[in-house]
Amino acid sequence: MEKANVLVMGNSGTGKSTLINAVFKFDRAKTGGGPAVTREMAIYESEQIPFRAIDTRGLEYGLLEQMKTKNAIRKWSKESVKAHNEERYIHLIWYCLDGTSKRIFKKNLETLKQVSKLWKDIPIIVVLTKSYSQTERLENEAMIRAAIDNYMKNSLNVKAIVSVVAQPYQINEAVIVPPMGLEELIGETNNVVPEALRLSEHAVTDFERRIKRGNANALTAAATVSATLIGAIPIPIADSALLVPLQSGLVFGIARTYGVKKDDSGIKNIAELVIQSGMVSVGAKTLLSGLKAVPGINIAADVLNAAVAGTITAIVGQVAATIMERVDSGEVSVDDLDWMKKFAENEFGKLAGNYVKGLGGSLDGKGVKDIGKLIVRIFENLNR
Ligand SMILES: Nc1nc2c(ncn2[C@@H]2O[C@H](COP(=O)(O)OP(=O)(O)OP(=O)(O)O)[C@@H](O)[C@H]2O)c(=O)[nH]1
Ligand SMILES: [Mg+2]
(Lines give C-alpha, C1' and ligand atoms only; values in the text may rest on other atoms or scores of the structure.)
(Ligands and ions follow the chains in the order given, each with its own letter.)
Protein backbone atom coordinates (compact mmCIF):
# COMPACT_ATOMS: atom_id res chain seq x y z
CA MET A 1 0.00 0.00 0.00
CA GLU A 2 1.01 3.58 -0.58
CA LYS A 3 2.73 5.14 2.42
CA ALA A 4 1.33 8.38 3.79
CA ASN A 5 3.61 11.26 4.74
CA VAL A 6 3.22 13.14 8.00
CA LEU A 7 4.41 16.73 8.20
CA VAL A 8 5.76 17.25 11.73
CA MET A 9 5.53 20.89 12.68
CA GLY A 10 5.58 23.10 15.76
CA ASN A 11 7.78 25.57 17.57
CA SER A 12 11.50 25.03 17.92
CA GLY A 13 12.44 22.81 20.83
CA THR A 14 9.04 21.19 21.21
CA GLY A 15 10.71 17.87 20.43
CA LYS A 16 9.72 17.19 16.81
CA SER A 17 12.99 15.50 15.88
CA THR A 18 13.08 13.57 19.18
CA LEU A 19 9.56 12.32 18.47
CA ILE A 20 10.47 11.15 14.96
CA ASN A 21 13.48 9.25 16.30
CA ALA A 22 11.35 7.60 18.97
CA VAL A 23 8.59 6.55 16.56
CA PHE A 24 11.03 5.09 14.04
CA LYS A 25 13.37 3.72 16.72
CA PHE A 26 16.54 5.30 15.37
CA ASP A 27 18.43 8.51 16.03
CA ARG A 28 18.93 9.88 12.56
CA ALA A 29 17.11 13.18 13.11
CA LYS A 30 19.39 15.63 14.85
CA THR A 31 18.09 16.88 18.20
CA GLY A 32 19.44 19.26 20.78
CA GLY A 33 19.12 22.05 23.26
CA GLY A 34 19.98 25.07 21.13
CA PRO A 35 17.57 27.18 19.09
CA ALA A 36 16.53 25.92 15.64
CA VAL A 37 18.44 22.64 15.65
CA THR A 38 16.64 21.34 12.55
CA ARG A 39 17.34 23.75 9.69
CA GLU A 40 16.19 21.89 6.61
CA MET A 41 13.17 19.75 5.97
CA ALA A 42 13.98 16.05 5.79
CA ILE A 43 11.91 12.92 5.30
CA TYR A 44 12.34 9.77 7.39
CA GLU A 45 10.97 6.27 7.24
CA SER A 46 11.52 2.79 8.56
CA GLU A 47 10.23 -0.59 7.47
CA GLN A 48 8.05 -1.24 10.50
CA ILE A 49 6.03 1.97 10.29
CA PRO A 50 3.47 2.41 7.49
CA PHE A 51 3.98 6.16 7.17
CA ARG A 52 6.89 8.53 6.65
CA ALA A 53 7.59 11.64 8.72
CA ILE A 54 8.83 14.98 7.44
CA ASP A 55 10.82 16.93 10.00
CA THR A 56 10.63 20.71 9.73
CA ARG A 57 12.34 23.79 11.02
CA GLY A 58 10.75 25.15 14.19
CA LEU A 59 8.21 27.92 13.85
CA GLU A 60 9.41 29.85 16.94
CA TYR A 61 7.47 32.93 17.76
CA GLY A 62 9.38 35.33 15.49
CA LEU A 63 7.68 36.33 12.28
CA LEU A 64 10.80 35.91 10.18
CA GLU A 65 11.40 32.38 11.41
CA GLN A 66 7.77 31.52 10.80
CA MET A 67 7.97 32.84 7.28
CA LYS A 68 11.08 30.82 6.53
CA THR A 69 9.46 27.65 7.77
CA LYS A 70 6.20 28.30 5.99
CA ASN A 71 7.99 29.11 2.74
CA ALA A 72 10.07 25.95 2.99
CA ILE A 73 6.91 23.88 3.47
CA ARG A 74 5.20 25.62 0.57
CA LYS A 75 8.23 25.05 -1.65
CA TRP A 76 8.40 21.37 -0.69
CA SER A 77 4.74 20.95 -1.54
CA LYS A 78 4.95 22.84 -4.80
CA GLU A 79 7.99 20.95 -6.00
CA SER A 80 6.65 17.53 -5.12
CA VAL A 81 3.32 18.25 -6.80
CA LYS A 82 5.01 19.66 -9.91
CA ALA A 83 7.22 16.60 -10.20
CA HIS A 84 4.31 14.27 -9.35
CA ASN A 85 6.58 12.87 -6.67
CA GLU A 86 3.97 11.16 -4.51
CA GLU A 87 6.59 9.86 -2.11
CA ARG A 88 6.98 13.42 -0.92
CA TYR A 89 3.36 14.60 -0.88
CA ILE A 90 2.11 15.84 2.46
CA HIS A 91 -0.93 13.87 3.63
CA LEU A 92 -1.41 14.77 7.26
CA ILE A 93 0.05 16.92 10.00
CA TRP A 94 1.33 16.23 13.47
CA TYR A 95 1.17 19.58 15.15
CA CYS A 96 3.51 19.52 18.16
CA LEU A 97 2.88 21.64 21.23
CA ASP A 98 5.14 21.58 24.25
CA GLY A 99 3.19 19.96 27.07
CA THR A 100 5.28 21.75 29.69
CA SER A 101 4.43 25.28 28.55
CA LYS A 102 0.86 26.32 28.89
CA ARG A 103 0.95 29.33 26.64
CA ILE A 104 -0.56 31.07 23.61
CA PHE A 105 -2.46 28.29 22.12
CA LYS A 106 -4.48 30.70 20.04
CA LYS A 107 -1.42 32.06 18.26
CA ASN A 108 -0.17 28.54 17.65
CA LEU A 109 -3.50 27.57 16.20
CA GLU A 110 -3.50 30.58 13.88
CA THR A 111 -0.18 29.47 12.45
CA LEU A 112 -1.43 25.93 12.10
CA LYS A 113 -4.48 27.19 10.27
CA GLN A 114 -2.38 29.21 7.83
CA VAL A 115 -0.13 26.28 7.03
CA SER A 116 -2.95 23.76 6.79
CA LYS A 117 -4.70 25.96 4.23
CA LEU A 118 -2.11 24.79 1.73
CA TRP A 119 -3.98 21.49 1.53
CA LYS A 120 -7.74 21.41 1.62
CA ASP A 121 -9.10 19.68 4.76
CA ILE A 122 -5.78 18.06 5.63
CA PRO A 123 -6.18 15.86 8.74
CA ILE A 124 -4.29 17.06 11.80
CA ILE A 125 -3.21 15.26 14.96
CA VAL A 126 -2.19 17.56 17.78
CA VAL A 127 0.73 16.06 19.69
CA LEU A 128 1.45 17.27 23.20
CA THR A 129 5.14 16.55 23.55
CA LYS A 130 7.06 16.29 26.82
CA SER A 131 3.87 15.34 28.67
CA TYR A 132 5.79 14.34 31.77
CA SER A 133 3.11 15.28 34.27
CA GLN A 134 0.16 12.97 34.46
CA THR A 135 -2.13 15.59 35.99
CA GLU A 136 -1.23 18.30 33.50
CA ARG A 137 -1.76 15.91 30.61
CA LEU A 138 -5.53 15.90 30.99
CA GLU A 139 -5.66 19.63 31.66
CA ASN A 140 -3.63 20.34 28.54
CA GLU A 141 -5.73 18.11 26.34
CA ALA A 142 -8.91 19.77 27.60
CA MET A 143 -7.45 23.23 27.12
CA ILE A 144 -6.48 22.52 23.53
CA ARG A 145 -9.82 20.97 22.75
CA ALA A 146 -11.49 24.10 24.12
CA ALA A 147 -9.17 26.41 22.19
CA ILE A 148 -9.89 24.58 18.94
CA ASP A 149 -13.63 24.71 19.60
CA ASN A 150 -13.52 28.40 20.44
CA TYR A 151 -11.29 29.75 17.71
CA MET A 152 -11.06 27.20 14.98
CA LYS A 153 -14.38 25.51 14.79
CA ASN A 154 -14.86 23.94 11.36
CA SER A 155 -11.63 25.35 10.00
CA LEU A 156 -9.24 22.68 11.24
CA ASN A 157 -9.70 18.99 10.59
CA VAL A 158 -8.29 17.88 13.98
CA LYS A 159 -8.61 14.11 14.32
CA ALA A 160 -7.03 13.52 17.72
CA ILE A 161 -5.03 15.06 20.53
CA VAL A 162 -2.32 12.76 21.82
CA SER A 163 0.06 13.31 24.74
CA VAL A 164 3.48 11.72 24.43
CA VAL A 165 6.79 11.31 26.20
CA ALA A 166 9.29 10.38 23.48
CA GLN A 167 12.34 9.81 25.68
CA PRO A 168 12.65 8.87 29.36
CA TYR A 169 12.66 11.97 31.52
CA GLN A 170 14.56 12.05 34.76
CA ILE A 171 12.79 14.00 37.48
CA ASN A 172 15.22 13.19 40.29
CA GLU A 173 17.55 10.38 41.27
CA ALA A 174 14.67 8.11 42.10
CA VAL A 175 12.03 9.05 39.55
CA ILE A 176 12.14 8.63 35.79
CA VAL A 177 9.11 9.23 33.59
CA PRO A 178 9.09 6.47 30.98
CA PRO A 179 8.15 7.01 27.34
CA MET A 180 4.43 6.88 26.68
CA GLY A 181 1.81 7.66 24.10
CA LEU A 182 3.87 6.60 21.09
CA GLU A 183 1.78 3.51 20.33
CA GLU A 184 -1.36 5.60 20.61
CA LEU A 185 0.07 8.22 18.25
CA ILE A 186 1.03 5.56 15.71
CA GLY A 187 -2.43 3.98 16.04
CA GLU A 188 -4.29 7.27 15.62
CA THR A 189 -2.12 8.10 12.61
CA ASN A 190 -2.79 4.74 10.97
CA ASN A 191 -6.51 5.30 11.48
CA VAL A 192 -6.34 8.60 9.65
CA VAL A 193 -4.15 7.43 6.75
CA PRO A 194 -6.92 6.19 4.41
CA GLU A 195 -8.83 9.46 4.71
CA ALA A 196 -5.60 11.45 4.40
CA LEU A 197 -4.65 9.70 1.17
CA ARG A 198 -8.11 10.23 -0.25
CA LEU A 199 -8.19 13.92 0.65
CA SER A 200 -4.71 14.39 -0.72
CA GLU A 201 -5.87 13.56 -4.24
CA HIS A 202 -8.32 16.45 -4.10
CA ALA A 203 -5.78 18.67 -2.43
CA VAL A 204 -3.21 18.00 -5.12
CA THR A 205 -5.64 18.84 -7.91
CA ASP A 206 -6.66 21.95 -6.04
CA PHE A 207 -3.03 22.88 -5.47
CA GLU A 208 -2.12 22.41 -9.13
CA ARG A 209 -5.09 24.46 -10.16
CA ARG A 210 -4.05 27.30 -7.89
CA ILE A 211 -0.47 27.24 -9.19
CA LYS A 212 -1.69 27.38 -12.79
CA ARG A 213 -4.18 30.11 -12.01
CA GLY A 214 -1.42 32.10 -10.33
CA ASN A 215 0.77 31.81 -13.42
CA ALA A 216 -2.11 32.75 -15.72
CA ASN A 217 -2.92 35.75 -13.53
CA ALA A 218 0.68 36.96 -13.69
CA LEU A 219 0.51 36.89 -17.49
CA THR A 220 -2.79 38.77 -17.44
CA ALA A 221 -1.46 41.43 -15.08
CA ALA A 222 1.54 42.09 -17.33
CA ALA A 223 -0.58 42.21 -20.49
CA THR A 224 -3.08 44.54 -18.80
CA VAL A 225 -0.38 47.07 -17.99
CA SER A 226 0.96 46.90 -21.57
CA ALA A 227 -2.56 47.34 -22.90
CA THR A 228 -3.09 50.58 -20.97
CA LEU A 229 0.08 52.00 -22.51
CA ILE A 230 -1.00 50.94 -26.00
CA GLY A 231 -4.50 52.27 -25.38
CA ALA A 232 -3.16 55.68 -24.54
CA ILE A 233 -1.40 56.10 -27.88
CA PRO A 234 -3.40 58.82 -29.64
CA ILE A 235 -3.77 57.19 -33.05
CA PRO A 236 -7.07 55.51 -33.79
CA ILE A 237 -5.52 52.53 -35.53
CA ALA A 238 -3.30 51.67 -32.58
CA ASP A 239 -6.09 50.03 -30.65
CA SER A 240 -7.00 46.99 -32.64
CA ALA A 241 -3.75 46.68 -34.58
CA LEU A 242 -1.68 46.40 -31.41
CA LEU A 243 -4.18 45.22 -28.82
CA VAL A 244 -5.45 42.17 -30.64
CA PRO A 245 -1.97 40.62 -31.01
CA LEU A 246 -1.26 41.40 -27.35
CA GLN A 247 -4.49 39.77 -26.18
CA SER A 248 -4.04 36.88 -28.54
CA GLY A 249 -0.54 36.32 -27.16
CA LEU A 250 -2.04 36.39 -23.68
CA VAL A 251 -4.53 33.65 -24.52
CA PHE A 252 -1.71 31.54 -26.03
CA GLY A 253 0.36 31.99 -22.87
CA ILE A 254 -2.55 30.97 -20.67
CA ALA A 255 -3.29 27.91 -22.82
CA ARG A 256 0.35 26.89 -22.46
CA THR A 257 0.19 27.40 -18.68
CA TYR A 258 -2.66 24.91 -18.51
CA GLY A 259 -0.96 22.54 -20.92
CA VAL A 260 -3.98 22.60 -23.23
CA LYS A 261 -3.41 20.19 -26.09
CA LYS A 262 -4.42 21.88 -29.29
CA ASP A 263 -2.46 23.03 -32.31
CA ASP A 264 -1.69 26.70 -32.85
CA SER A 265 -4.56 27.34 -35.23
CA GLY A 266 -6.95 25.77 -32.72
CA ILE A 267 -5.72 28.03 -29.92
CA LYS A 268 -5.89 30.95 -32.33
CA ASN A 269 -9.57 30.18 -32.90
CA ILE A 270 -10.20 30.23 -29.17
CA ALA A 271 -8.28 33.48 -28.78
CA GLU A 272 -10.28 35.13 -31.56
CA LEU A 273 -13.50 33.87 -30.07
CA VAL A 274 -12.70 35.31 -26.64
CA ILE A 275 -11.58 38.66 -28.00
CA GLN A 276 -14.58 38.89 -30.34
CA SER A 277 -16.95 38.04 -27.52
CA GLY A 278 -15.63 41.03 -25.64
CA MET A 279 -16.37 43.27 -28.58
CA VAL A 280 -19.81 41.80 -29.15
CA SER A 281 -21.04 41.75 -25.58
CA VAL A 282 -19.39 44.81 -24.13
CA GLY A 283 -17.31 46.70 -26.64
CA ALA A 284 -15.10 49.68 -26.11
CA LYS A 285 -17.99 52.08 -26.56
CA THR A 286 -20.07 50.59 -23.77
CA LEU A 287 -17.11 50.64 -21.43
CA LEU A 288 -16.30 54.22 -22.37
CA SER A 289 -19.80 55.42 -21.75
CA GLY A 290 -19.89 53.48 -18.48
CA LEU A 291 -16.75 55.16 -17.29
CA LYS A 292 -17.80 58.59 -18.50
CA ALA A 293 -21.18 58.27 -16.89
CA VAL A 294 -19.70 58.56 -13.43
CA PRO A 295 -20.80 62.04 -12.40
CA GLY A 296 -18.55 64.86 -11.34
CA ILE A 297 -15.31 63.73 -12.88
CA ASN A 298 -13.19 65.03 -15.63
CA ILE A 299 -10.99 62.44 -17.26
CA ALA A 300 -8.52 62.96 -20.08
CA ALA A 301 -9.21 61.06 -23.29
CA ASP A 302 -5.94 59.12 -23.19
CA VAL A 303 -6.67 57.97 -19.64
CA LEU A 304 -10.11 56.79 -20.68
CA ASN A 305 -8.73 54.90 -23.65
CA ALA A 306 -6.04 53.35 -21.48
CA ALA A 307 -8.70 52.25 -19.00
CA VAL A 308 -10.80 50.65 -21.72
CA ALA A 309 -7.85 48.82 -23.29
CA GLY A 310 -6.61 47.60 -19.92
CA THR A 311 -10.04 46.49 -18.74
CA ILE A 312 -10.79 44.49 -21.86
CA THR A 313 -7.38 42.83 -21.68
CA ALA A 314 -7.83 41.95 -17.99
CA ILE A 315 -11.20 40.38 -18.78
CA VAL A 316 -9.77 38.50 -21.76
CA GLY A 317 -7.17 37.00 -19.40
CA GLN A 318 -9.69 36.17 -16.74
CA VAL A 319 -12.11 34.53 -19.18
CA ALA A 320 -9.34 32.64 -20.99
CA ALA A 321 -7.98 31.31 -17.68
CA THR A 322 -11.39 29.95 -16.67
CA ILE A 323 -11.92 28.36 -20.08
CA MET A 324 -8.50 26.70 -20.03
CA GLU A 325 -9.02 25.57 -16.45
CA ARG A 326 -12.25 23.81 -17.42
CA VAL A 327 -10.61 22.26 -20.46
CA ASP A 328 -7.69 21.12 -18.30
CA SER A 329 -10.00 19.50 -15.75
CA GLY A 330 -11.94 17.71 -18.48
CA GLU A 331 -15.18 19.56 -17.71
CA VAL A 332 -15.28 21.10 -21.17
CA SER A 333 -13.99 19.75 -24.47
CA VAL A 334 -11.29 21.79 -26.15
CA ASP A 335 -13.49 21.73 -29.28
CA ASP A 336 -16.63 23.04 -27.64
CA LEU A 337 -16.39 26.50 -29.18
CA ASP A 338 -20.11 27.11 -28.77
CA TRP A 339 -19.87 26.75 -25.03
CA MET A 340 -16.78 28.97 -24.93
CA LYS A 341 -18.50 31.68 -26.93
CA LYS A 342 -21.55 31.72 -24.72
CA PHE A 343 -19.44 31.61 -21.59
CA ALA A 344 -17.17 34.44 -22.77
CA GLU A 345 -20.05 36.73 -23.74
CA ASN A 346 -21.72 36.11 -20.42
CA GLU A 347 -18.57 36.73 -18.40
CA PHE A 348 -17.69 39.90 -20.28
CA GLY A 349 -21.13 41.26 -19.54
CA LYS A 350 -20.83 40.48 -15.86
CA LEU A 351 -17.22 41.49 -15.33
CA ALA A 352 -17.27 44.75 -17.28
CA GLY A 353 -19.72 46.16 -14.77
CA ASN A 354 -17.38 45.27 -11.91
CA TYR A 355 -14.46 47.03 -13.54
CA VAL A 356 -16.50 50.13 -14.33
CA LYS A 357 -17.66 50.24 -10.73
CA GLY A 358 -14.13 49.77 -9.45
CA LEU A 359 -12.61 52.36 -11.76
CA GLY A 360 -15.40 54.89 -11.81
CA GLY A 361 -14.54 56.77 -8.67
CA SER A 362 -10.79 56.44 -8.97
CA LEU A 363 -9.92 57.74 -12.45
CA ASP A 364 -10.23 61.39 -11.50
CA GLY A 365 -6.84 63.09 -11.63
CA LYS A 366 -4.99 59.91 -12.53
CA GLY A 367 -2.37 59.66 -15.25
CA VAL A 368 -2.03 56.86 -17.77
CA LYS A 369 0.71 55.27 -15.69
CA ASP A 370 -1.60 54.74 -12.70
CA ILE A 371 -4.33 53.11 -14.72
CA GLY A 372 -2.61 49.78 -15.27
CA LYS A 373 -1.98 49.36 -11.57
CA LEU A 374 -5.57 50.28 -10.75
CA ILE A 375 -6.99 47.73 -13.14
CA VAL A 376 -4.60 45.03 -11.96
CA ARG A 377 -5.77 45.70 -8.40
CA ILE A 378 -9.42 45.28 -9.41
CA PHE A 379 -8.48 42.13 -11.34
CA GLU A 380 -6.73 40.71 -8.29
CA ASN A 381 -9.68 41.48 -6.04
CA LEU A 382 -12.04 39.78 -8.43
CA ASN A 383 -9.76 36.74 -8.54
CA ARG A 384 -9.31 36.33 -4.83
N1 LIG B 1 13.66 13.68 28.15
C2 LIG B 1 13.05 14.12 27.07
N3 LIG B 1 13.57 15.13 26.38
C4 LIG B 1 12.92 15.55 25.28
C5 LIG B 1 11.72 14.95 24.83
N6 LIG B 1 11.32 15.58 23.72
C7 LIG B 1 12.23 16.53 23.46
N8 LIG B 1 13.21 16.52 24.40
C9 LIG B 1 14.38 17.39 24.47
O10 LIG B 1 14.05 18.68 24.03
C11 LIG B 1 15.10 19.25 23.28
C12 LIG B 1 14.61 19.67 21.93
O13 LIG B 1 14.22 18.54 21.19
P14 LIG B 1 14.28 18.48 19.61
O15 LIG B 1 13.71 17.16 19.23
O16 LIG B 1 15.61 18.83 19.08
O17 LIG B 1 13.25 19.64 19.27
P18 LIG B 1 12.78 20.14 17.82
O19 LIG B 1 11.35 20.45 17.93
O20 LIG B 1 13.20 19.19 16.77
O21 LIG B 1 13.59 21.50 17.70
P22 LIG B 1 14.06 22.30 16.39
O23 LIG B 1 14.69 21.32 15.46
O24 LIG B 1 15.00 23.31 16.90
O25 LIG B 1 12.83 22.93 15.81
C26 LIG B 1 16.18 18.19 23.20
O27 LIG B 1 17.14 18.47 24.16
C28 LIG B 1 15.44 16.90 23.49
O29 LIG B 1 16.29 15.95 24.09
C30 LIG B 1 11.20 13.87 25.60
O31 LIG B 1 10.15 13.27 25.31
N32 LIG B 1 11.90 13.50 26.71
MG1 LIG C 1 14.31 19.41 15.16
Side-chain angles (χ1 to χ4, degrees), residues 5-46 49 51-76 90 92-105 107-109 111-112 114-115 124-141 144 160-189:
N5 296 324
V6 181
L7 181 78
V8 184
M9 51 178 282
N11 287 337
S12 180
T14 45
K16 301 179 291 297
S17 305
T18 307
L19 179 65
I20 290 172
N21 285 336
V23 166
F24 292 122
K25 299 195 170 64
F26 52 48
D27 56 3
R28 283 191 233 146
K30 195 173 154 221
T31 62
V37 174
T38 305
R39 301 240 149 218
E40 304 284 334
M41 289 172 72
I43 190 158
Y44 297 95
E45 67 181 309
S46 78
I49 305 287
F51 52 82
R52 304 184 190 89
I54 303 169
D55 200 2
T56 62
R57 200 186 161 98
L59 286 161
E60 317 253 15
Y61 297 113
L63 273 181
L64 188 67
E65 203 64 25
Q66 265 192 23
M67 279 243 292
K68 276 189 202 155
T69 307
K70 282 191 235 168
N71 285 340
I73 295 172
R74 200 170 291 134
K75 189 163 161 242
W76 173 290
I90 292 166
L92 67 151
I93 295 177
W94 284 352
Y95 192 72
C96 297
L97 290 168
D98 189 326
T100 63
S101 93
K102 313 177 161 190
R103 294 185 309 162
I104 46 168
F105 286 115
K107 196 168 179 183
N108 281 320
L109 290 173
T111 313
L112 172 59
Q114 281 171 16
V115 173
I124 297 163
I125 295 177
V126 176
V127 186
L128 279 164
T129 56
K130 308 186 184 180
S131 293
Y132 311 132
S133 155
Q134 197 131 31
T135 44
E136 282 176 12
R137 215 171 281 166
L138 296 174
E139 281 171 29
N140 282 338
E141 289 178 12
I144 289 164
I161 299 169
V162 183
S163 298
V164 300
V165 174
Q167 290 259 316
Y169 180 72
Q170 184 127 28
I171 292 189
N172 57 36
E173 270 170 38
V175 182
I176 294 179
V177 181
M180 59 138 265
L182 293 172
E183 291 306 321
E184 190 192 343
L185 177 61
I186 293 169
E188 291 285 2
T189 305

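Residue numbers run from 1 in the order of the sequence given. All ligand and atom numbering here is 1-based and tracks the order in the structure.
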Backbone or side chain, does any N or O of [X] fall under 3.5 Å from an N or O of ligand 1?
X: Tyr169; value: no
X: Arg57; value: no
X: Tyr132; value: yes
X: Asp55; value: no

Search all heavy atoms of [X] against all heavy atoms of [Y] and return the closest pair with its distance.
X: Ala29; Y: Tyr44; result: CA-OH, 3.5 Å
X: Ser131; Y: Leu128; result: OG-O, 2.8 Å
X: Ile90; Y: Ile73; result: CD1-CG2, 4.4 Å

State the [atom1]-[atom2] distance between [X] and [Y], to the nearest 0.5 angstrom.
X: Leu112; Y: Tyr95; atom1: CG; atom2: OH; value: 5.5 Å
X: Ile161; Y: Asn140; atom1: CD1; atom2: CG; value: 10.0 Å
X: Leu92; Y: Glu188; atom1: CG; atom2: CD; value: 11.5 Å
X: Trp76; Y: Asn5; atom1: CH2; atom2: CG; value: 8.0 Å

Short side-chain to backbone donor-acceptor contact, [X] and [Y], under 3.5 Å:
X: Asn11; Y: Leu97; answer: no
X: Thr56; Y: Val8; answer: yes
X: Thr69; Y: Gly58; answer: yes
X: Lys16; Y: Gly10; answer: yes
X: Asp55; Y: Ala42; answer: no

- [ ] Give every protein N, O or S atom lying under 2.8 Å from the Mg ion (ligand 2), naming each by residue and atom.
- [x]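 Result, waters dropped: Ser17 OG, Thr38 OG1.
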Among all the protein's non-hydrogen atoms, which is closest to [atom], and how far away is it?
atom: atom 31 (O) of ligand 1; value: Ala166 N, 2.8 Å
atom: atom 14 (P) of ligand 1; value: Thr18 OG1, 3.5 Å
atom: atom 1 (N) of ligand 1; value: Pro168 O, 3.1 Å
atom: atom 18 (P) of ligand 1; value: Lys16 N, 3.5 Å
atom: atom 21 (O) of ligand 1; value: Gly13 N, 2.9 Å
atom: atom 10 (O) of ligand 1; value: Lys130 NZ, 3.3 Å
atom: atom 17 (O) of ligand 1; value: Gly15 N, 3.1 Å

Open item on the list: If we count only N and O atoms by modelled type, under 3.5 Å, do the side chains of Arg74 and Asn71 hold a donor and an acceptor together?
Closed with: yes
Task: Any Val165 heavy atom less than 4.0 Å from ligand 1 - done: yes
Quick check on contacts: which atoms of ligand 1 are under 4.0 angstrom from a heavy atom of [X]?
X: Thr14; answer: 19 (O)
X: Gly58; answer: 25 (O)
X: Thr38; answer: 20 (O), 22 (P), 23 (O), 24 (O)
X: Ala36; answer: 24 (O)

Open item on the list: Taking 4.0 Å as the limit for heavy-atom contacts, which would you say applies to Ser17 with ligand 1: side chain only, backbone only, both, or neither?
Closed with: both
- [ ] Flag the pair Lys70 / Thr111 as yes when at least one side-chain heavy-atom distance between them is below 4.5 Å, and no otherwise.
- [x]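 In short, these two side chains touch, coming nearer than 4.5 Å.
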Open item on the list: Is the distance between the ring centroids of Tyr132 and Tyr169 under 6.0 Å?
Closed with: yes
Open item on the list: Just to be sure I'm reading this right: ignoring hydrogens, which of Gly32, Gly99, Gly33 gets closest to atom 11 (C) of ligand 1? Compare them by their nearest heavy atoms.
Closed with: Gly32
- [ ] Counting heavy atoms only, name the option from Gln167, Gln170, Lys30 that's nearest to atom 32 (N) of ligand 1.
- [x] Gln167
